[in-house]
Amino acid sequence: DSGVTQTPKHLITATGQRVTLRCSPRSGDLSVYWYQQSLDQGLQFLIQYYNGEERAKGNILERFSAQQFPDLHSELNLSSLELGDSALYFCASSAQGIPASEQYFGPGTRLTVT
Amino acid sequence: AQKVTQAQTEISVVEKEDVTLDCVYETRDTTYYLFWYKQPPSGELVFLIRRNSFDEQNEISGRYSWNFQKSTSSFNFTITASQVVDSAVYFCALSEALLASDSWGKLQFGAGTQVVVTP
């Protein structure tokens, strides 16, 4: 158990809909990262937050957005969903102030868009 | 730009055989970190090791060992005396360490190598 929690574990929704994925980092970790894992793209970095502020952005679509709240949990919002958004979405957290420290991953949310 | 290449898509071995996973990386940074993660069939990503670019000392942890060679930009991983529980996808990843970098902390993953260990 990494200490990172993600809800829900599975999500099935239809095209055009909007969903919210939730992540709670390990106790004490200020950085939260979101990754998408799909068969065709592999594991791709989406976005990083550090203590409530956006720190780095990767290949995140404009239809996707994220935020980190004062209690450090994070949410990833996916809107106008398309079939291609079906993937496993991981959240990870890492310790504060340590360059490129190891990231501990949650169990993931499997999103299926039908 | 960062790039991580894991040329081996799948490796199949019989239990107790050794298996070596190759990882080649590209980066223009002089300071960076390399990682290995394991993804068993249950799907979670498990952290295995983190090495920085200034520490080329090889490391052994139980049945796992890592060979970091900066001259060839490789960070290979060996499982000795493999077991069925080692069956998983193994990912090599690279991260910049420059605090001012726009992608500080981002993990650039390779495509992964599926290891299948049969009894």
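So you know, we letter chains A, B, ... as the sequences are listed, proteins then strands, and number each from 1. The shown structure was predicted, so the numbers you read here are calculated from the model rather than taken from an experiment.
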*For atom NZ of K16(B), is the number of surrounding heavy atoms from other residues, nucleotides or ligands below 6.0 Å larger than 12?*
no

*asked:* Let me check something: do Y64(B) and V46(B) share a hydrophobic cluster, defined by ILVMFWY side-chain heavy atoms less than 4.5 Å apart, either directly or through other members?
replied: no

*asked:* Does atom CZ (R110(A)) have a neighbourhood of more than 12 heavy atoms from anything else shown, all under 6.0 Å?
replied: no

*First locate atom NZ of K106(B), then atom OH of Y35(A), and finally report the distance between them rounded to the nearest 0.5 Å.*
8.5 Å

*For L39(A), does the CG atom sit with more than 12 other heavy atoms under 6.0 Å from it, leaving out its own atoms?*
no

*More than 12 foreign heavy atoms under 6.0 Å from CD of E10(B): is that the case here?*
yes

*Positive for side-chain contact (heavy atoms from CB on, under 4.5 Å) with L107(B), one of Q103(A), E102(A), Q44(A), Q48(A)*: Q103(A)

*For residues F45(A) and F109(B), establish whether the separation of their ring centroids is below 6.0 Å.*
no

*Below 4.5 Å from any heavy atom of chain B, which atoms of Q41(A) appear? Answer side chain, backbone, both or neither.*
neither

*May I ask whether L61(A) and Y33(A) are part of the same hydrophobic cluster, defined by side-chain heavy atoms of I, L, V, M, F, W, Y residues being less than 4.5 angstrom apart, directly or through others?*
no

_Side chain / backbone / both / neither for I47(A) at chain B, heavy atoms under 4.5 Å_ = neither

*side-chain contact (heavy atoms from CB on, under 4.5 Å) evaluation trace for F105(A) with Y37(B)*: CA-CA 10 Å; F105(A) 284 75; Y37(B) 282 84; 3.6 Å; yes

*Does any non-hydrogen side-chain atom of Q39(B) lie less than 4.5 Å from one of F90(A)?*
yes

